[in-house]
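Let me begin by presenting the structure, written as C-alpha cells, before commenting on it.
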Amino acid sequence: MTDAPSENLKRTPLDSLHRELGGRMVPFAGYDMPVQYEGIMAEHLHTRGHAGLFDVSHMGQARLWGPDADAAFETLVPGDVVELPRGRIRYTMFTNDAGGILDDLMIARRDDHLFLVVNAACKDADFAHIEAKLAGRLKMEILADRALLALQGPEAAKVMARLAPASAAMPFMSITDIKIAGIGCQATRSGYTGEDGFEISVPAARAEELARTLLAQPEVKPIGLGARDSLRLEAGLCLYGSDIDETTTPIEASLLWTISKRRRAQGGFPGAAVIQKQIAEGVSRRRVGILPEGKAPARAHTVVTDEAGAPVGEITSGGYGPSVGGPVAMGYVETAFAAPGTPLQLIVRERALPARVVKLPFTEHRYFKG
Amino acid sequence: MATVKYTKEHEWVRVEGDIGTVGITDHAQQQLGDLVFIDLPAVGKKVAKGDEAAVVESVKAASEVYAPVGGEVVEVNAALGDDPAKVNADAMGGGWFFKIRIADPKELDGLLDEAAYRELAGESH
C-alpha cells in the first residue's frame, strides 16, 4: 500500500469547507477533491436513503450565445438540441469523425442561450473544440467563476422545497433560476446517482454559504467522490474515460437512446456515417451490466471470457455496490454475449469467477416523475 | 511473550514461537476505508518475504498485502470471508489475516518495531 503523491492541484471554491468537514483529499482531474468524509459506504447509503451534497465545481460550465447556437451546437453532438424545449436539459456527447466519444455532457436551453456542463478532465479540450469548430456561429462564455453543487437523494426535493419553494415544481431534466436562502442560483433537476436531485450552479463567491445552508438541513450530509462513483456505477451511468472514450461509439456504449429519430435519420454530426451504419447493421460489442456471482469485486480492465475461457470483453467499471450489497460491474462484451442472463467468467487475479450479464441499472432509477 | 513487528507497507506480524500472525495495521485500514472483500492465501501455500500474500478490497480499490516474513501459511482467518469489516473494527486483533510458520526468524530483524512504525505512519499522513 502506498500513499498518493502530492501534486500541484487546483482547488474548488469549497476547498476550505472540505478540509473543515474532514474530507480526505485526493487528486482528481487536476483538482484536489474530497474522496470521502466519514466513509464511502456510509455516504453512499446516506445518499440513497436521504440526501447527499456533492461538490462538482471541477466540472466545466459554459454559456453559448447566438441566434442559431442550437443548430450550430448540433453539428458537434448527436443529441437533439434544436428541438430541445426552453427550460429543458438533455444528455449528449461530443463525437469525433470515427463516431468515438470525446466527452459526454449536459446541454440546457435557457431563454436566450444554451448552458453546458462538461467533465473536468475534458473541459479545456471541449471548450477549444467548440471554439475551433463554431467560432463565428456562436459566442461562448466559459463560467470559470461559478461553483457546481449536486444535491442527490430521495429527500433532496424536500430540502429544496424548504429552502426554495419554486424548485418543487421542477420536472426531471429541467433548468431554472431560483433563490436558495436568498442566494441566486441556476438549478437543474438532474444528477448522476440514479436518485431524484438537483445540480446547482452558483457564483463561486456564494458557494460556501450555499453549501453550509444545505448542510445545515437535517437530511443532508457531505458526500465525496468515492460514493459518487459507486452510486453512478449502481445506476448504470457511464464514467467518461472508463466506460466511454474516443474508441467507443454511442451505439457500442448502449447510448442509442440519446439520439432522436430526426438526428438518426439526418446525421450532421461528427462520425454520423459510422453511427448510422452501426444503428442499421448493429455493432460487434456492447456495453452491458455484469453481475459477479461471488463476493470478489472485478475492477476496470478485468478480462471477461465465455464459459469456455475465450476472451469476449473487458470490464470498464467495477467495484462494490453498497446498496446492492455485493460486487457490480459494467463493461463491453461481444454482441453475441450481450443478452441479459448470458453466463460469463471474470478473470480476477488469474482465477475465473462466474458472472452473468444483467440489465442496467443495478439499483432502480428514482428520478422525479412529477 | 509475543513480539509485534511492522513493515513499511503497513502489515504487522505477531511472533509466537515459530508462528507469525499477520494482518494490516489500524493506520492501513483507516487509509483503505470500508473493506468489502478479502482474498486470503490457501493454507499450505509457501510465500517468500515480500510476496503478495493476500488482497484487500475496499469499495473503491484492491490493495495487495505482502508477507512480512517467508514461510508456509498454516491457518487463515475464515471469519473475514463473511465479515471483512472485522478488519476495520479490529485490525490488530480479530481482523488478522493468516498465520505463517516462519522459515527464517532472521528475516524479522529487518522489520520495524512499534515506535518506528508509528513514526512512519504519522509521517505518511
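In what follows, chains carry the letters A, B, and so on, assigned in the order in which the sequence lines appear, proteins first and then strands, with residues in each chain numbered from 1.
Contacts between B:D82 and chain A at a heavy-atom distance below 4.5 Å involve backbone atoms as well as side-chain atoms.
B:D39 has a carboxylate O that lies under 4.0 Å from a charged side-chain N of A:R349, or vice versa, which qualifies the two as a salt bridge. Salt bridge annotation for B:R101-B:D18: present, with a cationic side-chain nitrogen under 4.0 angstrom from a carboxylate oxygen. Ion pairing between a basic and an acidic side chain is recognised when a charged N comes within 4.0 Å of a carboxylate O; A:D55 and A:R228 show no such pairing. A salt bridge links A:K221 to A:E38: at least one charged side-chain nitrogen sits closer than 4.0 Å to a carboxylate oxygen.
Residues from residues 41-55 of chain B that place a non-hydrogen atom less than 4.5 Å from a non-hydrogen atom of chain A comprise B:E52, B:V55, given in numerical order.
With contacts defined as side-chain heavy-atom distances shorter than 4.5 Å, the pair B:V4/B:W12 qualifies.
With rounding to the nearest 0.5 angstrom, the OH atom of A:Y240 is 7.0 Å from the OG1 atom of A:T248.
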